[in-house]
Amino acid sequence: MSLPRCLTSLLVLLALFPAGPLFAGDLESELPGKVEMQPLWDGKTLDGWEAVGGGEWSIVDGAIRGVSTADEKRHGHLITKQQYDDFVLSIEFRAVQGNSGLYFRVEQGAPHGVRGLQAEIDATRDVGGLYETAGRGWVVQPTVEQVDQWFLPGEWNKMTVVATGGNIAVYVNGQKSAELRDDPGRAKGHIALQLHGSQEMDVWFRNIRIAELEEVTEEGQE
């Protein structure tokens, strides 16, 4: 017999976030064996993704590059065609210039292009925080001192988002940068990459991978 979804989410959360110090290394090495990361981007094309709004997306040197100019008022997004609910999502990013973000569980909609949570990506500040576009605004905003602990400006960084039910955690380079418990936000939606409007933008993404979290039974079998 399957466990209730709330209990299933709790069991997954306990497995992913054991008590004790924050993870110091690669988060994925801490995940249960049944969680298998799969490519969300094929590394060659933009198949499975849709570009909306301003800016331009291209593939350069094995990475997705997003650029935009300050005279482009519209936000731009590269959005998955598929929707996801509970997952582990990892991505490598290099923020050269401007404000970006890794959106998840979002829906498309004007005036910002999407509505929902983003894990903040920026060339200089707030990296790893959680912001809800067309909603609450900042939900978890890190301090400058905190960002300095986990963010490498101008270099490739790794971000991991774990979402199970209303429990969400963000990690940057293996350090937990934001966490929500029993969050009332959307439980399912698209994943998206952002180009902020009215800014000079240059941001790169690669190695985008996801593991969808499935329910487990009382016997521990899928």
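Residues V67 and V203 do not share a hydrophobic cluster, clusters being chains of Ile/Leu/Val/Met/Phe/Trp/Tyr side chains in contact below 4.5 Å. Hydrophobic clustering places V172 together with V139 (ILVMFWY residues linked when any side-chain heavy atoms are closer than 4.5 Å, directly or through intermediates). Hydrophobic cluster membership is shared by Y84 and L89, with clusters built from Ile, Leu, Val, Met, Phe, Trp and Tyr side chains linked at under 4.5 angstrom. Follow the hydrophobic side-chain contacts under 4.5 Å out from L40 and you reach V161 in the same cluster.
Here the closest non-hydrogen pair linking S198 and K73 is OG-CD, 3.4 Å. Taking each heavy atom of F151 and N173 in turn, the nearest pair found is CA-ND2, 4.4 Å. Taking all atoms of both residues into account, the shortest heavy-atom contact from A51 to W57 is CB-CD1, 3.9 Å. Heavy-atom minimum distance, L213 versus A163: CD1-O, 4.2 Å. Of all heavy-atom pairs spanning W156 and A63, the tightest one is CH2-CB, 4.0 Å. Residues A134 and R115 approach most closely at CB-CG, 3.5 Å, considering heavy atoms.
Side-chain atoms of N167 and T164 form no donor-acceptor pair, as typed in the model, at a separation below 3.5 Å.
Note: K188 NZ to D86 CG = 10.5 Å, rounded to the nearest 0.5 Å. Between the CD1 atom in I64 and the CZ atom in R206 there is a gap of 12.5 Å [rounded to 0.5 Å]. To the nearest 0.5 Å, the span separating CD1 on I79 from CD on E107 amounts to 11.0 Å. With rounding to the nearest 0.5 Å, the separation of CD in E36 from CD in E212 is 12.5 Å. Annotation: the span from T69 atom OG1 to Q199 atom CD amounts to 11.5 Å, rounded to 0.5 Å. Atom CG of residue D122 and atom OG of residue S100 lie 8.5 Å apart, to the nearest 0.5 angstrom.
Of the options H75, E56, Q97, H196, a side chain to side chain contact (heavy atoms under 4.5 Å, CB included) to M201 is made by H196 and by none of the others. With V106 as the partner, the side chain to side chain contact (heavy atoms under 4.5 Å, CB included) test is satisfied by one option alone out of T80, V114, I191: V114.
The ring-ring contact (aromatic ring centres under 6.0 Å, His included) check on H77 picks up Y103, with sequence neighbours excluded. Partners of E72 under the side chain to side chain donor-acceptor pair (under 3.5 Å) rule, at least two apart in sequence or in another chain, are R74.
A salt bridge does not link R105 with D183: none of the charged nitrogens is closer than 4.0 Å to a carboxylate oxygen.
Annotation: side chain of V170 is in contact with side chain of M159 (closest heavy-atom distance under 4.5 Å). A heavy-atom distance below 4.5 Å is found between the side chains of I59 and W41. For the pair W49/L193, a side-chain contact is recorded, criterion being any heavy-atom separation below 4.5 Å from C-beta on. Side-chain contact between D126 and W138 is present, with heavy atoms from C-beta onward closer than 4.5 Å. Contact of the I91 side chain with the K158 side chain is not registered, since no non-hydrogen atoms from C-beta on lie closer than 4.5 Å. F205 is listed as a side-chain neighbour of I121, based on a closest heavy-atom distance under 4.5 Å. Residues L117 and R136 meet the side-chain proximity criterion, which asks for heavy atoms closer than 4.5 Å.
No donor-acceptor distance shorter than 3.5 angstrom exists from the side chain of T160 to the backbone of Y171, with no hydrogens or angles considered. Checked by atom type and distance alone, the side chain of S177 never pairs as donor or acceptor with a backbone atom of G129 at under 3.5 Å. Looking only at distances, a side-chain donor or acceptor of W150 sits under 3.5 Å from a matching main-chain atom of V127.
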query = Hey, mind stepping through K81 and E50 against salt bridge (Lys or Arg N to Asp or Glu O under 4.0 Å) and telling me if it holds?
reply = CA-CA 7 Å; K81 295 180 179 179; E50 176 185 6; over 6 Å; no
request  = Let me see the working for D202 and R94 under salt bridge (Lys or Arg N to Asp or Glu O under 4.0 Å), right down to the final yes or no.
outcome  = CA-CA 9 Å; D202 188 0; R94 185 164 67 92; over 6 Å; no
request  = Any chance you could lay out the side-chain contact (heavy atoms from CB on, under 4.5 Å) test for N99 and R125, step after step, and finish with the verdict?
outcome  = CA-CA 9 Å; N99 177 270; R125 62 185 183 182; 5.9 Å; no
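By the 6.0 Å contact criterion, CZ on R65 is enclosed, its count of non-hydrogen atoms from other residues, nucleotides or ligands being greater than 12.
Using bins of under 30°, 30° to 60° and over 60° for the plane-to-plane angle, the ring pair F87/F104 lands in the perpendicular bin.
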